[in-house]
Each structure stands twice: as C-alpha cells, then as structure tokens.
Amino acid sequence: MNQTQDPGALNSKHSPGKGFTYFAIFILILFSAISGFIYFGAIVAVQEGKVSFSGDISVLYWAIAFIMALGVGILLLALKQSKGKTFYLYEKGIVIEGNGQSKTQLFEDLEDLYLFSSGRTFLTNNIAFRNRKDGNWETITARYPKVFKAIDFITTQHEALYVPKALKELEANKSVTFHYIDYDTALGKKLFATGTQSFLNVQSKEIIVTRDHLAIDSTKIRISELNHFAANNWISKISLRDKENNTVFSTATNGIFSGKSFVSLMDRLINHTK
C-alpha cells in the first residue's frame with residue numbers, strides 16, 4: 001500500500017463467497033457415495049454371483065464415470081468462482097488485494113462508479129469503479145456477500161468526498177467530466193450481457209460540467225435554466241428538467257457513472273443559481 005494514502009477507518013471487507021464451494025464439496029461427497037454404492041452394491045455383487053444382471057455391466061462403469069466427472073466438474077467451477085480480489089472498504093477509500101498485490105484508491109480520485117444489475121433481478125447488484133488515469137475497472141459483483149452494503153457505502157462516501165473536490169475545481173474555473181451511457185445501451189446490457197466483462201464493454205459519452213453550463217453531446221445547457229431531476233422507477237429512467245419542466249437530458253437510472261455524486265453536484269449548482 002502507498003503509505004502516502006491514508007484510507008481512514010475500516011468499514012468492511014468483501015471477498016468472493018464460499019457457499020457454492022461448500023455445496024460443491026457436499027455434492028462430490030454425495031456422488032462419491034452413490035458411485036461406491038453402484039460399485040460395491042451392484043458391480044461387485046454381480047461379479048460374485050450374488051446378484052443377477054442380464055445387461056452389459058460396462059454400463060455401470062460408465063454411470064460411475066459420468067457421476068464422478070459431474071461432481072468434479074461442479075467442484076472445479078465452484079473453485080473458479082471463489083477466486084477473486086478482496087476489497088477493504090475504508091472511510092476515505094478502497095484497498096484492493098489480489099494476485100499478490102495491494103493498491104489503494106481514494107474516493108476523491110475515483111471518477112467513474114458504474115452500477116448495474118445482473119441475473120434475474122432489477123436490483124443493482126454490481127458496482128465497478130475506476131480512476132480514468134489508471135483506466136482499469138475494479139468490480140464487486142453479485143457473487144460477493146453483502147454486495148448491497150458495499151454499493152451503498154461506496155456511493156455514499158464517493159458523494160461525500162468527490163463532490164466537495166469537484167466544487168473546488170469548478171470554483172477555480174475548471175471543468176469536471178462525468179461519463180454516461182444512453183438509455184438504450186443500458187437496457188441492452190441488462191437484457192443481453194453475458195457476464196461482467198460484457199457489461200463493462202461499453203462506449204461512454206461525456207457530460208462536461210462548468211460553473212455555468214453543461215455540455216452534453218455537443219449541446220450546451222445553462223445551469224441557471226435548470227430546475228431538478230425526475231426519476232421514473234417503473235422504467236428505471238432519470239431526467240434532468242428545466243424550469244418549464246421540459247426534459248433536457250435523460251438516461252437510465254444507473255446510466256450516469258458516479259450518478260449519485262453527479263445528482264448531488266447538480267443539485268448544489270442549481271440551488272446556487274436560484
């Protein structure tokens with residue numbers, strides 16, 4: 001860990017779940033017992049003449065081979081799924097350990113938090129985060145226990161620490177850039193993505209924020225003309241409205257990277273101009 005980066009107090013630790021591994025071990029033991037029963041209770045009994053069997057006894061050997069191969073396959077899959085990085089969530093940042101390495105990412109330096117839902121749920125059960133300078137996504141996925149707690153903590157701390165930094169940048173007449181994906185892209189990922197890498201393989205667009213305006217898709221919108229955000233939970237859509245309640249920008253609820261921080265920043269800027 002870089003000693004110049006103090007992450008503060010530890011909140012929680014998150015590693016891939018082991019439940020599937022324990023289940024796979026139980027299945028392998030069960031399948032081994034079934035295979036043993038077939039061998040000693042059927043094959044050996046037939047060979048000793050204790051039981052009559054009119055078919056080809058090789059079928060029983062193939063049955064044992066199939067059952068054991070299935071059990072071993074389930075265990076190997078479980079072991080693969082149990083591998084992954086460990087995330088320590090601290091007050092000011094995240095310490096990531098994996099592959100014999102450790103690094104710290106402070107919340108105020110994380111530009112992109114990408115939330116998405118996978119599996120048969122519309123609940124947000126994955127979070128990816130990155131510093132654009134580094135460029136690589138780190139992900140805490142649905143296979144991590146207490147993933148909802150991790151998502152809530154990361155987004156809350158990011159809002160608390162990144163937004164004040166962004167406001168200082170704006171006060172210094174600098175711009176702050178957020179990334180987003182449009183509604184159709186976000187919906188398509190939800191319906192057709194096949195895994196975490198598929199979700200992360202997106203081409204994002206920019207929202208450039210200054211003290212006075214937003215630049216979205218080459219269109220400038222004056223902040224003094226904006227009023228509020230509106231969310232439609234039925235279709236998971238969020239919209240930015242002007243003072244006449246016209247929609248000037250909209251995307252999926254999780255379509256804006258670091259969306260909670262973006263909304264918080266915009267609320268402060270909009271209220272400041274009122």
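Computed over heavy atoms, backbone and side chain alike; hydrogens, waters and symmetry mates excluded. The structure displayed is predicted, hence computed values, not measured ones.
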**Fill in**
In T185, T251, D217, the residue satisfying side-chain hydrogen bond (donor to acceptor under 3.5 Å, both in side chains) with Y180 is D217
**Asked** Can a donor-acceptor pair be found between the side chains of H179 and T177 at a distance below 3.5 Å?
**Response** no
**Request:** Supply the atom-to-atom distance I151 CD1 to Y144 OH, rounded to the nearest 0.5 angstrom.
**Result:** 12.5 Å
**Prompt:** Taking all atoms of both residues into account, what is the closest heavy-atom pair of R130 and S204, and its distance?
**Reply:** NH2-OG, 4.4 Å
**Min side-chain heavy-atom separation L170-L269 under 4.5 Å** = yes
**K13 side chain near F87 side chain, heavy-atom distance below 4.5 Å** = no
**Request:** Establish, from distance only, whether the side-chain atoms of T86 and S15 form a donor-acceptor pair under 3.5 Å.
**Result:** yes
**Asked** Does K237 count as lying over the ring of Y183, i.e. NZ or CZ under 6.0 Å from the six-ring centre, within 45 degrees of the axis?
**Response** yes
**Request:** Measure centre to centre between the rings of F116 and F199, then say whether the value is under 6.0 Å.
**Result:** yes
**Asked** How about N125 and S117: does a side-chain donor come under 3.5 Å of a side-chain acceptor?
**Response** no
**Message:** Counting neighbours of NZ on K168 that are heavy atoms of other residues, nucleotides or ligands and sit closer than 6.0 Å, is the number greater than 12?
**Reply:** no
**Asked** Checking salt bridge (charged side-chain N to carboxylate O under 4.0 Å, His left out) for the pair K205/D182: CA distance, chi angles, key distance, verdict?
**Response** CA-CA 8 Å; K205 303 177 183 180; D182 57 42; 3.6 Å; yes
**Complete:** Output for pair (I27 CD1, L70 CG), nearest 0.5 Å, gives 8.5 Å
**Request:** Go through the steps for I43 and I64 under the test side-chain contact (heavy atoms from CB on, under 4.5 Å), then give the verdict.
**Result:** CA-CA 11 Å; I43 294 175; I64 291 174; 3.8 Å; yes
**Message:** Go through it in stages, so that I can follow the logic: the residues are V176 and F178, the test is side-chain contact (heavy atoms from CB on, under 4.5 Å), and I'd like the CA-CA distance, side-chain angles, deciding distance and then a yes or no.
**Reply:** CA-CA 7 Å; V176 178; F178 289 84; 3.8 Å; yes
**Request:** Could you check whether the rings of Y90 and Y88 sit parallel, tilted or perpendicular, using 30° and 60° as the cut-offs?
**Result:** tilted
**Asked** side-chain contact (heavy atoms from CB on, under 4.5 Å) between H213 and I221: does it pass, once the steps are laid out?
**Response** CA-CA 5 Å; H213 67 268; I221 305 169; 5.9 Å; no
**Asked** Quick one: do I154 and V163 end up in the same hydrophobic cluster if we chain Ile, Leu, Val, Met, Phe, Trp and Tyr together by side-chain heavy atoms under 4.5 Å apart?
**Response** no
**Message:** Quick test of your reading: applying side chain to side chain donor-acceptor pair (under 3.5 Å), list the pairs with at least one residue in residues 28-46, sequence neighbours left out, ordered by first then second residue.
**Reply:** none
**Message:** Give me each pair satisfying salt bridge (Lys or Arg N to Asp or Glu O under 4.0 Å) with a member in residues 131-154, each pair once, sequence neighbours excluded.
**Reply:** K85-E138, K103-D134, K103-E138, D112-R132
**Request:** State, to 0.1 Å, how close A193 and S198 come at their nearest heavy-atom pair, and which atoms those are.
**Result:** CA-OG, 3.4 Å
**Item:** From L115 atom CG to L123 atom CG, the distance as rounded to the nearest 0.5 Å
**Value:** 12.0 Å
**Message:** On a heavy-atom basis, which atom in F31 and which in I67 lie closest, and how many Å separate them?
**Reply:** CD2-O, 3.3 Å
**Request:** Might you point out which heavy atoms bring V147 and T141 nearest each other, and give the distance in Å?
**Result:** CG2-O, 3.4 Å
**Item:** Worked check of side-chain contact (heavy atoms from CB on, under 4.5 Å) between L79 and T21
**Value:** CA-CA 6 Å; L79 290 174; T21 301; 4.0 Å; yes
**Prompt:** Would L200 end up clustered with I94 when hydrophobic side chains under 4.5 Å apart are linked, directly or stepwise?
**Reply:** no
**Asked** Out of curiosity, does I235 fall in the hydrophobic cluster containing L187 (side-chain heavy atoms, cut-off under 4.5 Å, transitive links)?
**Response** yes
**Message:** If you compare all heavy atoms of L161 against all heavy atoms of E108, which two are closest, and at what distance to 0.1 Å?
**Reply:** O-CB, 3.8 Å
**Fill in**
What one should report as the nearest heavy-atom pair of P7 and V95 is CG-CG2, 4.4 Å
**Message:** Taking atom OH as the centre, does Y22 end up with more than 12 heavy-atom neighbours from other residues, nucleotides or ligands that are less than 6.0 angstrom away?
**Reply:** no
**Complete:** Rounded to the nearest 0.5 angstrom, the CZ-CD1 distance for F229 and I270 is 6.5 Å
**Message:** If you take the centroid of each ring, where Trp contributes its six-membered ring, are W137 and Y114 closer together than 6.0 Å?
**Reply:** yes
**Prompt:** Does a donor on one side chain sit under 3.5 Å from an acceptor on the other, for R211 and N173?
**Reply:** yes
**Exam field: side chain N271 to backbone D267, donor-acceptor pair closer than 3.5 Å** = yes
**Fill in**
One should read off an interatomic distance between D242 CG and R222 CZ, to the nearest 0.5 angstrom, of 14.0 Å
**Message:** With a 4.5 Å cut-off on side-chain heavy-atom distances among I, L, V, M, F, W and Y, is there a chain of contacts connecting F37 to Y61?
**Reply:** no
Side chains of residues 254-265: which donor-acceptor pairs under 3.5 Å do they make with residues two or more places apart or in other chains?
from	atom 1	to	atom 2	distance (Å)
N254	ND2	T124	OG1	2.8
S258	OG	E111	O	2.7
S258	OG	L113	N	3.0
K260	NZ	T156	OG1	3.2
S261	OG	H158	ND1	2.7
S261	OG	E159	N	3.3
S264	OG	E159	OE2	3.2

**Request:** For residues T219 and V248, determine if any side-chain heavy atom of one lies less than 4.5 Å from a side-chain heavy atom of the other.
**Result:** no
**Item:** Separation between CG of L226 and CG of L214, rounded to the nearest 0.5 Å
**Value:** 6.0 Å
**Message:** Is there a path of hydrophobic side-chain contacts, each under 4.5 Å between heavy atoms, that joins I207 and L167?
**Reply:** yes
**Prompt:** With a 4.5 Å heavy-atom cut-off, do Q101 and I96 have their side chains touching?
**Reply:** no
**Prompt:** Would you call L77 and I74 a side-chain contact if the rule is heavy atoms closer than 4.5 Å?
**Reply:** no
